[in-house]
Amino acid sequence: MLQGLPVSPGIAVGRAVVVRFGGTPAFRRAVPHDELEAEVRRLRRAARAATEDFLAQSRQSSGDMSSELAAILEAHGMIASDETLLSAVVERMRRDRVNPEWALDLVSREMAGRLETSATSAMRERSADITDVAREIARQLSGGQPPDQRDLPRGSILVADDLSPADTARLDPRRVRAIALERGGPTSHASIIARSFGLPAVAGIAGLCDAVSPERPIVVDGDRGVVEPSPSKEKIRRSLLKIREAREKTRRLRARTAGAAVTADGVRIVLRANLELTEEIPALERWHAEGVGLFRSEFLYLKSAPATPGVEAQREAYERLLAAVSPYPAVVRTYDLGGEKGIGPAPGDNPALGLRGLRYCLAHPEIFEEQLTALCLASRKGELRILLPMVTGVGELKAARRHLEKVCRQVGLTTPPALGVMIEVPSAALLADRLALEADFFSIGTNDLAQYALAVDRANPDVSALYRPLHPAILRMIRDVVEAGAAFGRPVAVCGEMAADPLGIGVLVGLGIREMSVTPVAIAGVKSALSEIQSERARMLAQRALNASDPAEVEKMFRALPQPDAALAERRSARLEKEEPVG
């Protein structure tokens, strides 16, 4: 078995098709002065062609595939036409007197490298946006054609080094049962798209393409993050049985996912959505989200980098968000930026412990107040709540509120939007009772909270196995935050991956969490799981879990509670019904 990262749930059996997408090689060539402008025009033609391809693929995806993929491709089209990227490439061409292929490669690597220094894995993996766009422009420059995936035989399992959104747009999900990749992680675009298609997927297996024999049946287990390149007949048989069992279970649960989220004993749970882009807004109605529990606004910033998006552009985005969620609220997290903009920790330092989150905003008040201005103006259109990331103490929260009050006076807003704290640092969890005196609500970011408390980089394969959000220490922190919220009448939500975890849902209910926020495609599965949980039993187990010695004990306790099916199981079931058995 080859162990990787589980990035999209489900099991699939099929014949492997190995594809190396790689990158377009770039060669340096000196360009005479009198030919330079012709080369610049060639670059711009290639960028326009890449933009047109991205947008055409986006329109096709929005109709035939998924809104998530369409949004990513549309964003890539914007990057390909963005003068920031092209001007930097042209400047390099003129300065060094080199061909566009070479200048594009250098500039895209530099930009992607800056993003790689981000404090969060989600941000680091957004460097792939620049790489993907540069690769498409390079293809247009060279006239090269990407591998044609439309000829994949039905029932294939795509094994590749990597998969860009553009590559995925050429993918026919009716022909592919699963995806296995050498690179990528849970928040990479390939993983997001795999989940939106309902395709089981495993990523991060070095040497995978060499380890798999083309045209041979393999098993991909997206639940465990495992690829079996040479399964026995018995293993194939057992895997097919699991697939059929999951399909039948999904059919029984279909009718129960459209209503409100309620536990088996009638406890109401508010279930909201986490969004990164405004292009994801259509998913809210589709998955019946009760508003947005986390909008990661930094992607508005990154899309306009190196300039800021400006007040009006932000205001328009926030108002669009509020109009879509009405009458529910939208929680907008202020910029969670770090070293990727060249400000903060120097190369070699740990950016996760540097100038990021609220620290960054307080150090750059002009950027912070510009965003607060847009948020305050937009708040007149609906219930908007402001969430502060990476708060470590009361002083930071008070400083942020002073900025908010200043902006409110400037725009004539008498009632400021609710101001909340994202609990993702151990110091904030331990000071929750003090923060509750100043904050209007709490949102627990279990991803970073566990990472900081356990001193584990969850994206580092050497220590990722130690990343255990159900560690008793994490549960005690969550309990303390819930109790502080209850004592001061402050709502407490969870917006981390734990809220969509098979075991974590029951733990959170047992600890008193009554509001969760997850990726839109996970909502249906979470509702199904909640409908089978007895909250009182979960509470009793949670009390025992608080006294456990290690996360293994906690996991053992809660395995008796029902686990959520994958949110995309319906699509997986529909696809499986049309597939033929593996020969």
**Q** What residues form a side chain to side chain contact (heavy atoms under 4.5 Å, CB included) with Ala134, not counting sequence neighbours?
**A**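 So Ala134 forms a side chain to side chain contact (heavy atoms under 4.5 Å, CB included) with Leu104, Ser108.
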**Q** Looking at Ser535, is its backbone amide N or carbonyl O close enough to the side chain of Thr263 to form a donor-acceptor pair, meaning the two atoms are under 3.5 Å apart?
**A**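 Judged by distance alone, no pair lies under 3.5 Å.
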**Q** Looking at Ala378, is its backbone amide N or carbonyl O close enough to the side chain of Arg315 to form a donor-acceptor pair, meaning the two atoms are under 3.5 Å apart?
**A**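 Answer holds: no.
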**Q** Let me see the working for Phe368 and His364 under ring pair (Phe, Tyr, Trp, His ring centres under 6.0 Å), right down to the final yes or no.
**A** CA-CA 6 Å; Phe368 190 35; His364 299 84; over 10 Å; no
**Q** Not counting sequence neighbours, list each pair that qualifies as a side-chain hydrogen bond (donor to acceptor under 3.5 Å, both in side chains) and has a residue in residues 416-440.
**A** Arg401-Asp440
**Q** Please answer whether the main-chain N or O of Arg296 pairs with a side-chain N or O of Tyr335 as donor and acceptor at a distance below 3.5 Å.
**A** no
**Q** Would you find a donor on one side and an acceptor on the other, under 3.5 Å apart, between the side chain of Asn274 and the backbone of Gly293?
**A**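 Not a single qualifying donor-acceptor pair exists.
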**Q** Would the distance check show the side chain of Asp336 and the main-chain N or O of Gly357 forming a donor-acceptor pair, the cut-off being under 3.5 Å?
**A**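 Between the backbone of Gly357 and the side chain of Asp336 there is a qualifying donor-acceptor contact (under 3.5 Å).
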**Q** Give a yes or no answer on whether the side chain of Glu290 reaches the backbone of Tyr328 with a donor-acceptor pair at less than 3.5 Å.
**A** no
**Q** Under a 3.5 Å distance rule, please check whether Arg514 uses its side chain to pair with a backbone N or O of Val509 as donor and acceptor.
**A** yes
**Q** Rounded to the nearest 0.5 Å, what separates atom SG in Cys376 from atom CG in Leu404?
**A**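 If we round to the nearest 0.5 Å, Cys376:SG and Leu404:CG are 5.0 Å apart.
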**Q** Any donor and acceptor pair, going by atom type alone, linking the side chain of Ser531 with main-chain N or O of Ser528 inside 3.5 Å?
**A**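 Present.
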**Q** Less than 4.0 angstrom from a charged side-chain N to a carboxylate O is my criterion; do Glu396 and Lys398 meet it?
**A**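 Judged by the 4.0 Å cut-off on N to carboxylate O distance, Glu396 and Lys398 do not form a salt bridge.
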**Q** State, yes or no, whether a side-chain contact exists between Val7 and Val202 at a heavy-atom distance under 4.5 Å.
**A**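 Side-chain contact under 4.5 Å: no.
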**Q** Please test Glu497 against Thr446 for side chain to side chain donor-acceptor pair (under 3.5 Å), starting from the C-alpha separation and ending with a verdict.
**A** CA-CA 7 Å; Glu497 290 297 320; Thr446 54; over 6 Å; no
**Q** With a sphere of 6.0 Å drawn around CD of Glu316, does it hold more than 12 non-hydrogen atoms of other residues, nucleotides or ligands?
**A** no
**Q** For Glu285, is the CD atom crowded, meaning more than 12 foreign heavy atoms sit under 6.0 Å from it?
**A** no
**Q** First locate atom CG of Leu271, then atom CD1 of Ile523, and finally report the distance between them rounded to the nearest 0.5 Å.
**A** 5.0 Å
**Q** What residues form a side chain to side chain contact (heavy atoms under 4.5 Å, CB included) with Val107, not counting sequence neighbours?
**A**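 For Val107 the side chain to side chain contact (heavy atoms under 4.5 Å, CB included) partners, ignoring immediate neighbours, are Leu85, Ala88, Val89, Arg92, Met111.
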**Q** For Phe295, is there any backbone N or O sitting under 3.5 Å from a side-chain donor or acceptor partner on Arg333?
**A**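 Side chain of Arg333 to backbone of Phe295, a donor-acceptor pair under 3.5 Å: no, none is there.
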**Q** Nearest 0.5 Å, please: how far is CD1 in Ile423 from CG in Asp448?
**A**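 Atom-to-atom, Asp448:CG and Ile423:CD1 are 12.5 Å apart.
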**Q** Given Pro389, which of Leu294, Val425, Thr334 fulfils the side chain to side chain contact (heavy atoms under 4.5 Å, CB included) condition?
**A** Thr334
